[in-house]
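What follows is one structure encoded as structure tokens, with my remarks underneath.
Proteins get letters first, then strands, A, B, ... in listed order; numbering begins at 1 in each.
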Number of protein chains: 2
Amino acid sequence: MKTKGPKKADATRTKIVDIAMRLFLDQGFEKTTMREIAAAAGLAPGAAYYHFESKEHMVFDFYEMSYQKHLAEAEEILNTENDLAKRIAGEIKAHLKVSEPYFEISKVLFRIAADPMHPVSPFSKESKALRDRNIELMKRCLDGQRLDKDLAAKLPELLWMFKMGMILYWLHDLSPKHAKTYRFVDQASALVATLIQLSKLPVLSGFSKKAIAIFEEYKIF
Amino acid sequence: MKTKGPKKADATRTKIVDIAMRLFLDQGFEKTTMREIAAAAGLAPGAAYYHFESKEHMVFDFYEMSYQKHLAEAEEILNTENDLAKRIAGEIKAHLKVSEPYFEISKVLFRIAADPMHPVSPFSKESKALRDRNIELMKRCLDGQRLDKDLAAKLPELLWMFKMGMILYWLHDLSPKHAKTYRFVDQASALVATLIQLSKLPVLSGFSKKAIAIFEEYKIF
DNA sequence: GTCTATAACCGGATAGAC
DNA sequence: GTCTATCCGGTTATAGAC
């Protein structure tokens with residue numbers, strides 16, 4: 001799954017991913033056949049399976065690659081924006097923006113996500129490294145906030161789940177250019193930011209402490 | 001998709017569902033082939049496709065049937081329990097309990113759910129009737145609560161989504177008998193009930209009004 | 001031990017005959 | 001409304017080349 005040392009023909013692997021992605025983008029994931037991918041890469045069908053366990057696994061490789069673009073986009077916001085709501089919304093919109101060309105491929109990933117044990121699911125062990133890097137980005141959104149220790153520890157993970165929810169919304173969004181989702185992200189992020197501030201109020205601090213404790217007890221990864 | 005009038009050979013349709021479900025329960029959804037189902041029903045493989053668009057569509061029929069059992073279980077709690085948290089938890093646990101034998105089949109439904117346009121998705125137009133009946137049950141959980149009008153109107157839908165979240169957790173739960181999920185439902189429902197009460201506080205009423213308005217604006221069905 | 005090629009297998013789905 | 005014949009595409013087995 002990893003491109004470890006620059007061995008002889010990772011070139012082949014990379015070539016396959018590149019070709020597969022172009023084909024997926026052109027024709028869609030379902031429409032593109034393994035035979036097609038292999039042929040375009042100058043390989044026999046079976047050969048592709050030496051490099052990738054399944055068609056879905058090709059998507060994962062590519063998903064990892066797109067994180068780099070996401071990071072670059074997010075970096076810009078995190079270095080300039082100070083408002084919490086806008087930082088959160090910015091991180092999420094950066095993710096969506098970068099993923100926009102891969103909208104249909106993202107659907108495939110989310111279909112897999114519903115299958116908890118699938119290695120390619122965002123919730124799986126195998127995805128941990130990538131997920132952690134994304135959670136780290138959420139943590140950076142909170143830079144400069146004065147927060148209760150337990151809350152500060154748990155919040156990035158909760159924000160990551162919030163982002164997953166936004167992505168699910170995006171996948172359902174039929175509005176032109178998914179404009180509706182982007183507006184929703186702005187407004188929902190503002191709500192979340194408000195909620196984070198409100199959680200500091202005495203009336204709510206008991207509640208939020210308890211909520212955090214429960215999420216910690218029933219965590220899923 | 002509906003069993004409308006008791007026409008000639010709905011019998012066949014029913015027979016197929018019965019057989020398919022037994023096979024799914026015995027061997028799992030993936031393992032069971034259309035050929036097997038058709039053979040067991042005394043039909044040719046292609047014939048089954050006259051009655052059902054796909055293997056997945058068989059699950060939907062069956063899911064509708066299981067609602068009746070869920071309703072009966074939920075009814076009992078709703079008629080006897082007065083505490084809000086327990087009513088919500090009870091409704092959800094009734095759903096899970098009834099679905100327990102169909103755990104693996106439920107995974108199939110959720111995998112489909114991630115594909116927004118799939119007719120069998122719980123979010124789809126086609127599922128509206130069933131979804132509405134489930135939302136209605138959530139509304140009944142709130143009987144006896146004094147709530148703001150807008151909140152009262154929107155809350156059942158939000159609680160339904162909360163239930164979807166709990167079901168997703170259940171699908172990931174590896175603990176024996178999914179005991180962890182049942183405890184989580186209890187505690188999370190208590191949090192939700194508390195939150196509903198808190199939302200009446202002056203400090204929060206503005207926030208909750210705004211949240212409801214946003215959810216209304218960006219609703220998905 | 002790393003990689004490739006060929007030839008199947010298997011099961012979901014479809015076309016069209018009856 | 002049911003069947004037969006067939007397609008199609010993901011996947012696997014096998015056999016080897018470098």
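Residues from residues 26-40 of chain A placing a heavy atom under 4.0 Å of any atom in DNA chain D, listed by number, are A/T32, A/T33, A/M34, A/R35.
For the atom pair CG (B/N134) and CG (B/L159), the distance works out to 12.0 Å, reported to the nearest 0.5 Å.
Atom NZ in A/K55 sits roughly 4 Å away from atom P in D/dG10 (whole-Å rounding). Spacing between atom CD of B/E56 and atom C1' of C/dA13 amounts to 12 Å, rounded to whole angstrom units. In this entry the distance linking NE2 of A/H57 with P of D/dT11 reads 10 Å, nearest Å. Going from atom CZ of B/F52 over to atom P of C/dG12 covers 15 Å, rounded to whole Å.
In this structure, A/R131 fails the cation-pi test against A/F123, since its NZ or CZ atom is not both closer than 6.0 Å to the six-membered ring centre and inside 45 degrees of the ring normal.
In this structure, A/F62 has its ring center closer than 6.0 angstrom to the ring center of A/Y102.
Under a 4.0 Å N-O distance rule, the pair A/E75/A/R140 qualifies as a salt bridge. Salt bridge absent: A/D26 and A/K31 never bring a charged side-chain N and a carboxylate O closer than 4.0 Å. Using a cut-off of 4.0 Å between Lys/Arg side-chain N and Asp/Glu carboxylate O, B/K86 and B/D186 are scored as not salt-bridged.
Crowding of B/E76 atom CD: a count of heavy atoms from other residues, nucleotides or ligands under 6.0 Å not exceeding 12.
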* Structure fact -> Contact string for nucleotides 12-18 of chain D, one letter per nucleotide 5' to 3', B = base within protein heavy-atom range under 4.0 Å, S = sugar-phosphate only, - = neither, reads B------
Show me, pair by pair, the donor-acceptor contacts under 3.5 angstrom made by side chains of residues 210-221 of chain B, not counting sequence neighbours?
| from | atom 1 | to | atom 2 | distance (Å) |
| --- | --- | --- | --- | --- |
| B/E216 | OE1 | B/K154 | NZ | 2.9 |
| B/E216 | OE2 | B/K219 | NZ | 2.9 |
| B/Y218 | OH | A/Q187 | NE2 | 2.8 |

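Proximity of A/Y50 to the phosphate of C/dT4: no side-chain N or O atom is located under 4.0 Å from OP1 or OP2. Distances shorter than 4.0 Å separate some side-chain N or O of B/H51 from OP1 or OP2 on D/dT2.
Listed candidates were D/dT2, C/dG12, D/dT11. Nearest to the side chain of B/L43 is D/dT2.
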